[in-house]
S.K.: 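I'd like to ask you about the structure that follows.
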2 protein chains.
Amino acid sequence: MAARSTPNPIPSVWTRQRREPGQPALSREAIVREAVAMLDAEGVEALSMRKLGARLNAGATSLYRHVATKDELMELAVDEVAAEVRVPDGPDPDWRAAATEAAQSFRATVLRHPWMSSVMGQAGLVYLGPNLMSFSERLAALFTGAGFREPDQAISTLLAYVLGMSTTEAAWLTTVARSGRSETEFVTLLMPAARQAAAGHDHLAAAYTEAGTAPRDPARDRDAKFGYGLDVVLDGLAARLGHRSPEH
Amino acid sequence: MAARSTPNPIPSVWTRQRREPGQPALSREAIVREAVAMLDAEGVEALSMRKLGARLNAGATSLYRHVATKDELMELAVDEVAAEVRVPDGPDPDWRAAATEAAQSFRATVLRHPWMSSVMGQAGLVYLGPNLMSFSERLAALFTGAGFREPDQAISTLLAYVLGMSTTEAAWLTTVARSGRSETEFVTLLMPAARQAAAGHDHLAAAYTEAGTAPRDPARDRDAKFGYGLDVVLDGLAARLGHRSPEH
DNA sequence: CCGGTCTGCGTACAGTGTTCGCAACGAACG
DNA sequence: CGTTCGTTGCGAACACTGTACGCAGACCGG
């Protein structure tokens, strides 16, 4: 390692500074790719320009030749992973199935890269990235093709739901991961505190005692919960589709 | 200012270190309150323990007597502002109106404190804070009172939508604020870039040319968009309410 | 061969969150 | 009254952070 980063021990010597020919050099794409890898592996707060540079056999400040600032790098990273979201393209005879698939794929992507939601909640004009653009475009094609009169309002509704749910899940999963324990383990470990916090609140306490101590599969529960809400939203959207809404 | 922070010029003298009697000393509540004020005024990245300490006429490290870590302080801040969300309590004859009010109030709170969403997207067990707990409790009362069979699924759906929409709005408003310009100004200034990004994507480009250059009121548009989605979600929920869903 | 542009990087700066040990205090107790 | 003792504030220090700047070497067109 550190092949290209040796600081030229005697200044101005032979073997000056040969970039090994196979090495792909430093490029914006390589930087973003490696950043995503680091974010996935170690989380948001673990990514620093210095560490990222080191992983690319480069100095920290070298990155700034290809990326204006760390925030910009984050936006690039988000757009990079946004390419993973799969949306059936073109108008689909079964718009509802297509929307469901898009939503599920979006959620899966966020859960694969939990740092996405914190970045999107914080910064800027991520939405103009090429991949997010073509994502929006495909959704627009789908919803206009389905016959919606206000496609972007419908799309915003769906996306807001999916983003909200996925963000919550991602935050939860991050906390679980930080604890080092499994999800079920973490849940049972958290129960006493949760019960105590719910003390005095009748409905919450009732929900806890009703759930009992049966372990249940948390991942499956989350899937079900997401599916429920998704159906709710799609039902509401479908209702906007059939008939011209007469009043107002 | 800096009354209590003068470092006792000659060690061990008279006038030792008198805490001025009116001064409310340093307490967890005072810290959290001041943190919220700073977050509202200058945003997330402007809040540092040193600056916060200075604003309380205290050293940075003094805060750690009342707060374990900055993350914990953030959770406390979120729970603090969560108290502002108003939910009609008790079962309501018109659950839909009550839910609407709760949703609107939640959105308003997030827009008043745009840093909320970034914090919630990042960290921990905010949901156990007392204010968020009683928020959940009131929602639970509302939805069980309305007759929902899976109240928490319904609540999660609604909250996910509201959170997703508000988060997006908050991020947008933060970017606008950072630009120093008004929202309409920022929009028109951003148009060219947006158009260019939409080039090649038929539906998006169409939406842009259709919208033309008419300024429109962005805040009103956001209100309308939120209302649309909220109605969609509530429609979907209402459908779960009336009849036992026969199949499945 | 020679100029100019581009790319990498060492250094440096102004900050960050947090630990540690010391000093000063208010209250409890003899 | 004097003496402890737990609590609270804090200065200094540590390990890092993002980034500006200017130099040096690499590449490329003339």
Side-chain angles (χ1 to χ4, degrees), chain A residues 2-21 23-31 34-35 38 42-75 77 119 122-123, chain B residues 2-21 23-31 34-35 38 42-75 77 119 122-123:
Chain A
R4 203 161 68 267
S5 70
T6 46
N8 213 356
I10 309 109
S12 154
V13 226
W14 44 32
T15 228
R16 310 290 264 233
Q17 187 84 334
R18 213 121 265 312
R19 178 185 336 263
E20 23 223 304
Q23 209 75 334
L26 209 48
S27 76
R28 169 180 280 207
E29 292 85 29
I31 292 177
E34 198 67 29
M38 272 192 83
E42 322 198 33
V44 240
E45 72 266 6
L47 178 69
S48 83
M49 297 304 264
R50 276 177 249 258
K51 286 190 213 154
L52 179 57
R55 257 168 93 120
L56 289 160
N57 284 347
T61 62
S62 308
L63 308 174
Y64 285 89
R65 292 284 172 195
H66 306 91
V67 157
T69 174
K70 196 193 180 185
D71 289 345
E72 183 182 302
L73 174 60
M74 289 306 214
E75 295 190 24
V119 176
Q122 231 156 353
Chain B
R4 204 161 66 266
S5 70
T6 45
N8 212 356
I10 309 110
S12 153
V13 227
W14 42 34
T15 228
R16 310 289 264 233
Q17 187 85 331
R18 210 122 259 322
R19 181 187 331 263
E20 25 222 302
Q23 209 76 335
L26 209 47
S27 76
R28 169 180 281 207
E29 292 84 31
I31 293 177
E34 198 67 28
M38 272 192 83
E42 322 197 35
V44 239
E45 73 267 5
L47 178 69
S48 82
M49 298 303 265
R50 276 176 249 259
K51 285 190 212 152
L52 179 57
R55 258 168 93 119
L56 290 160
N57 284 346
T61 62
S62 308
L63 307 174
Y64 285 89
R65 292 282 171 195
H66 306 91
V67 157
T69 175
K70 196 193 180 184
D71 289 346
E72 183 182 302
L73 174 60
M74 289 306 215
E75 295 189 25
V119 176
Q122 232 157 351

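Order of the sequence lines sets the chain letters (A, B, ...), proteins ahead of strands, with each chain counted from 1.
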S.K.: To the nearest Å, how far apart are B:Leu56 CG and D:dC10 C1'?
M.R.: 14 Å
S.K.: Once you round to the nearest 0.5 Å, how far does CD1 of A:Ile31 lie from CZ of A:Arg55?
M.R.: 13.5 Å
S.K.: Could you state the CG-P distance from A:Leu63 to C:dC9, rounded to the nearest angstrom?
M.R.: 9 Å
S.K.: So which one's nearest nucleotide on DNA chain D is more toward 5', A:Ala68 or A:Glu45?
M.R.: A:Glu45
S.K.: Nearest whole angstrom, please: distance from the P of C:dC25 to the CZ of B:Arg65.
M.R.: 16 Å
S.K.: Enumerate all atom pairs, one protein N or O and one N or O from nucleotides 13-17 of chain C, separated by less than 3.5 Å.
M.R.:
{"from": "C:dT16", "atom 1": "OP1", "to": "B:Ser48", "atom 2": "OG", "distance (Å)": "3.1"}
{"from": "C:dG17", "atom 1": "OP1", "to": "B:Lys70", "atom 2": "NZ", "distance (Å)": "2.9"}
{"from": "C:dG17", "atom 1": "OP2", "to": "B:Met49", "atom 2": "N", "distance (Å)": "2.9"}
{"from": "C:dG17", "atom 1": "N7", "to": "B:Arg50", "atom 2": "NH2", "distance (Å)": "2.6"}
{"from": "C:dG17", "atom 1": "O6", "to": "B:Arg50", "atom 2": "NH2", "distance (Å)": "2.8"}

S.K.: Closest approach of B:Leu47 and B:Met38, non-hydrogen atoms and distance?
M.R.: CD1-SD, 3.7 Å
S.K.: Does D:dG9 have OP1 or OP2 under 4.0 Å away from a side-chain N or O of B:His66?
M.R.: yes
S.K.: Can a donor-acceptor pair under 3.5 Å be found between the side-chain atoms of B:Thr61 and the base atoms of D:dG9?
M.R.: no
S.K.: Who passes salt bridge (charged side-chain N to carboxylate O under 4.0 Å, His left out) against B:Arg28, sequence neighbours left out?
M.R.: B:Glu72
S.K.: In whole Å, what is the span from the CG atom of A:Leu26 to the P atom of D:dC27?
M.R.: 15 Å
S.K.: Hey, does the side chain of B:Ser62 come within less than 4.0 Å of D:dT8's phosphate (OP1/OP2), counting only N and O?
M.R.: no
S.K.: Write down the distance between CZ (B:Arg28) and P (D:dG9), rounded to a whole number of angstrom.
M.R.: 13 Å
S.K.: Ignoring hydrogens and angles, tell me if any N or O in the side chain of A:Lys70 forms a donor-acceptor pair with the backbone of A:Met49 under 3.5 Å.
M.R.: no
S.K.: Side chains of B:Leu73 and B:Leu52: closer than 4.5 Å at any heavy-atom pair?
M.R.: yes
S.K.: Grab the CG-C1' distance between B:Leu52 and C:dT18 for me, whole Å please.
M.R.: 15 Å
S.K.: Excluding sequence neighbours, so at least two apart, what forms salt bridge (charged side-chain N to carboxylate O under 4.0 Å, His left out) with A:Glu29?
M.R.: none
